[in-house]
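Notes follow the structure.
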Amino acid sequence: MHASRPPLLVIYTGGTLGMVETPHGLAPGEHFETRLRNALKSLAPAQRASLPDFDFLATPRTIDSSSACPADWQSLAALIENHQQAYSGIVILHGTDTLSWTATSLAFQLQGIDKPVVLTGAMHPLESRGSDALNNIEGALRFAALPALQEVALYFAGCLLRGVRARKWQTQAEDAFTSPNYPLLGEMVDGLPVLYPGRGLGDHQRGAQRFELPDYRALGPSPVVRIALWPGITARQVGALLLDDTVKGALLEVWGGGNIADDPALIEVLAQANGEGKLVTAISQCPYGRIDIGAYAAGQGLADAGVMSGDDMTPEAAMTKLIHLLAKPLSDADRKRQFLTSLTGER
Ligand code: ASP
């Protein structure tokens with residue numbers, strides 16, 4: 001079907017879909033390419049014949065994605081950058097636990113990509129009875145063969161989500177991912193991939209390809225902290241995390257539409273961190289909707305302390321964006337400006 005187009009590249013990083021039982025529980029298994037190609041033979045002949053061709057590559061370390069860290073996101077983006085020219089699209093097979101984190105980070109690193117990068121995973125191993133793995137991989141391959149898709153996306157359980165908007169939402173159900181503040185990019189309909197018009201970056205905002213691959217490792221371990229407020233949280237507790245010398249940025253998960261307790265000591269800690277040049281940002285603890293800092297008097301303290309609004313970004317998007325901006329050689333003012341701007345459809 002796609003004989004005249006370059007093939008796809010499938011990159012296997014680990015995750016449940018490739019796991020096998022071990023005495024210590026499920027762990028990444030070997031020979032996944034052979035296992036996958038065998039499993040694809042079980043598809044109906046017409047379904048199989050219409051699948052795009054693909055080459056296969058495994059990362060040097062296949063892992064449970066709960067161990068993934070920014071260095072892994074960086075290595076994966078570099079791998080994609082090195083290979084993408086020879087392929088018409090990329091599929092990444094990944095564990096579900098941190099799939100949305102890797103997707104958001106790739107979206108920032110591969111800004112402007114003009115072909116599909118589709119991440120997927122599964123809630124069950126490929127060989128387990130009734131597994132969702134083959135369906136998810138098949139769907140990811142079909143969407144990755146669509147030239148109109150020009151961004152990093154996540155395919156799961158029949159739905160295509162913008163990668164930088166996706167979140168894992170279920171621990172066990174097969175429709176494990178959601179996109180709280182942006183509509184689906186596409187869906188499988190009667191076995192065919194359908195992209196919804198007008199929703200993709202290919203239609204607007206994608207701009208020229210401008211991969212940004214800064215060195216996340218140079219930032220040191222965990223340069224950004226995430227602090228979810230709770231009733232009664234103290235300035236001392238926030239300060240212990242935020243005023244640490246190794247911390248260069250923070251994401252606060254505040255109340256509702258952008259509020260915080262009326263606690264001058266707490267606001268003072270935030271203002272001090274801001275004054276020390278740390279990027280202090282906020283989103284809501286509510287998964288749906290945006291914040292509007294200062295709409296309530298209860299949010300005025302955040303504005304006074306110079307906390308920047310993360311608008312309707314997911315925690316994954318806000319955190320990976322902070323790491324990305326901190327790794328780039330930018331002035332503080334440019335970092336702030338870029339945080340407040342939509343770089344790749346994340347806000
Ligand atoms: N712990 C697994 C992982 O993230 C879960 C999964 O893949 O569903 O690698």
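Please read these numbers as outputs of a predicted model, since none were measured by experiment. Positions are given from 1 along the sequence. First listed ligand is number 1; within each ligand, the first listed atom is number 1.
In terms of protein heavy-atom proximity, atom 5 (C) of ligand 1 is closest to Thr16 OG1, 3.1 Å. In terms of protein heavy atoms, atom 9 (O) of ligand 1 is closest to Ser65 N, 2.7 Å. The closest protein non-hydrogen atom to atom 3 (C) of ligand 1 is Asp64 OD1, 3.2 Å. Summary of contacts: the protein heavy atom closest to atom 8 (O) of ligand 1 is Thr96 OG1, 2.5 Å.
Taking a cutoff of 4.0 Å between a charged side-chain nitrogen and a carboxylate oxygen, Lys168 and Asp97 qualify as a salt bridge.
Taking every heavy atom of Gly15 and a limit of under 4.0 angstrom, the matching atoms of ligand 1 come to 7 (O), 9 (O).
Remark: Lys321 qualifies as a cation-pi partner of Phe339 under the 6.0 Å distance and 45° angle criteria applied to the six-membered ring.
Counting only N and O atoms by type, the side chains of His94 and Tyr12 include no donor and acceptor under 3.5 Å apart.
Note on ligand 1: Ala122 sits in its first shell, one or more heavy atoms being nearer than 4.0 Å.
Taking any N or O of Asp97, backbone or side chain, at least one lies under 3.5 Å from an N or O belonging to ligand 1.
One finds the CG atom of Asp132 at 4.0 Å from the CD atom of Glu174 (value rounded to the nearest 0.5 Å).
In this pair, Phe56 and Phe32 present their aromatic rings tilted. The plane angle is within the 30 to 60° band. The aromatic rings of Trp73 and Trp101 lie parallel to each other, with less than 30° between the two planes, well short of the 60° mark.
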